[in-house]
Q: 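Following this message is one structure expressed as structure tokens.
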Amino acid sequence: MSSDTVPGRYWHGLEDGRIQCDLCPRYCHLRDGQRGLCFVRMRRGDEMVSTTYGRSSGFCVDPIEKKPLNHFLPGTPVFSFGTAGCNLACRFCQNWDISKSREVDTLASSASPEHVAAMADRLGCRSVAYTYNDPVIFLEYALDTAAACRERGLKSVAVTAGYICDEPRREFFAGMDAANVDLKAFTEGFYHKLTGGHLQPVLETIEYIHGETDCWLELTTLLIPGQNDSDTELHRLSEWCLEKLGPDVPLHFSAFHPDYKMTDIATTPAATLQRARRIALEKGMHHVYVGNVHDTDADSTYCPGCGGRVIERDWYELGEWQLQDSGRCAHCGGRIAGVFESQPGSWGRRRLPVSMHESGAGG
Ligand code: SF4
């Protein structure tokens, strides 16, 4: 077994000799040598293995707002990385060069969990994000890295579609301090036709994180014209969020750009994002943002108590800061939901690619 191939968790043998992967609701059934839909988990002999442990498509320091997380240590830098492959097959994938990769060449960088944590620490990051492709499929690597980060006082952030089974879900989110879950749409038809997955497991993940963990949660929906942006769907999505999660979970509606197998649909108009935001706010959600467009008003944070602006954002750059005492509105004293410190970070909108080989960080 090469060093980047490690035993994979969550599988069992079937009577017909195949083995079933129980990590995500695809439940791939595999014969010896076969790979799952995610490509990076496979059967080797009589066991499942994960083939991308310690391998990454690249490392980068981003603003935490880019994940997007607007209520989790605003203004701080997050050390971001992903691997290859994905357990969904979204026709509109915005990261398809990574997620659909069948080339090991994509995984040019390598780093142990300790190396990642050490580098993030050295660069002054407050957290590490498992992102670019879905960390569910590299659970072993992500959780070992999260453990190494905790030892150094660094937080862990999952950027995920939430397509994961019950038992691994519990283990995975116990290791995370914040998550942005991609709620791709609010119809089973969309999930089935455009992602090859199902809606219900994603809703279960979202409810689980919010109701049963200490992990801070925000949601993102990429609005695709004609596919998931009808008034009816946006009303239903917002009602579900309010009923199941309450008003304080931030929602991000972001703009689609033609990509991968969906190049025949135009970029999402700004008016669609505004309409979605208005619907969710009218339903009673407190914090609703737009993404992938420049809109300072719709990307700033307002106090749900008095309506005053408490965090101004211009793209990923923070402006006016009106929070006191780690999350109280400076205008009225009301508490803003989230993980805040007395002062914002000052990373700004920079994106800093990192070469682990030249870094000299130990691990
Ligand atoms: S994690 Fe990969 S191998 Fe396992 S069920 Fe999902 S797609 Fe299949």
Side-chain angles (χ1 to χ4, degrees), residues 1-2 4-57 82-93 95-96 98-104 106-107 130-146 158-176 179 181-182 184 188 191-206 208-209 260-261:
M1 219 180 260
S2 65
D4 45 12
T5 298
V6 298
R9 292 177 214 162
Y10 302 108
W11 58 274
H12 72 279
L14 298 170
E15 280 185 6
D16 66 4
R18 292 181 298 172
I19 64 176
Q20 173 175 311
C21 176
D22 299 316
L23 178 55
C24 96
R26 293 217 168 252
Y27 300 115
C28 294
H29 290 184
L30 304 172
R31 298 192 187 285
D32 191 13
Q34 283 187 319
R35 291 175 180 269
L37 177 122
C38 59
F39 190 73
V40 296
R41 304 182 78 83
M42 66 180 293
R43 175 173 175 175
R44 192 167 287 175
D46 281 332
E47 64 171 16
M48 285 291 297
V49 293
S50 164
T51 63
T52 55
Y53 191 99
R55 301 285 302 275
S56 168
S57 53
T83 59
C86 191
N87 57 336
L88 289 174
C90 301
R91 296 178 62 79
F92 48 90
C93 186
N95 269 336
W96 60 272
I98 292 168
S99 64
K100 292 296 149 211
S101 172
R102 296 289 185 269
E103 303 291 332
V104 226
T106 314
L107 301 176
Y130 314 93
T131 180
Y132 306 136
N133 67 329
D134 205 299
V136 161
I137 63 168
F138 62 95
L139 169 139
E140 296 84 359
Y141 184 29
L143 285 178
D144 286 353
T145 304
V159 181
T160 174
Y163 205 56
I164 184 170
C165 294
D166 284 355
E167 202 184 335
R169 179 187 289 143
R170 287 196 288 276
E171 184 187 18
F172 184 75
F173 288 103
M176 297 296 137
V181 177
D182 203 6
K184 293 175 185 288
E188 172 60 16
Y191 267 87
H192 180 68
K193 192 173 83 177
L194 296 178
T195 76
H198 299 286
L199 170 62
Q200 190 55 34
V202 178
L203 297 182
E204 287 168 13
T205 297
I206 292 170
Y208 173 78
I209 296 170
Y260 195 44
K261 293 182 181 171

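Order of appearance sets the numbers: ligands from 1, and atoms from 1 within every ligand. When reading the values below, keep in mind they use all heavy atoms of this one structure, side chains included, and skip hydrogens, waters and symmetry mates. Note that the numbering runs from 1 along the sequence shown for the chain.
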Q: Would you mind finding which of C21, C38, G36, C165 brings a heavy atom closest to atom 2 (Fe) of ligand 1?
A: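 Nearest heavy atom to atom 2 (Fe) of ligand 1 lies in C38.
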Q: Within the side chain of D134, is there an N or O that forms a donor-acceptor pair under 3.5 Å with the backbone of L88?
A: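 Such a contact is absent between D134 side chain and L88 backbone.
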Q: Any N/O/S atom, side chain or main chain, of C24 closer to atom 8 (Fe) of ligand 1 than 2.8 Å?
A: no
Q: What protein heavy atom is closest to atom 1 (S) of ligand 1, reported as residue, atom name and distance in Å?
A: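 The answer is R41 CD, 3.7 Å.
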Q: For a quick test of reading the model, state the closest non-hydrogen atom pair linking R26 to G197 and the distance between them.
A: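 The answer is NH2-N, 4.0 Å.
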Q: State which residue, out of Q20, E167, E171, fulfils the side-chain hydrogen bond (donor to acceptor under 3.5 Å, both in side chains) condition with Y10.
A: E171
Q: Identify the protein heavy atom lying closest to atom 8 (Fe) of ligand 1, giving its residue, its atom name and the separation to 0.1 Å.
A: C28 SG, 2.3 Å
Q: Would you say W11 and R43 make side-chain contact, with heavy atoms under 4.5 Å?
A: no
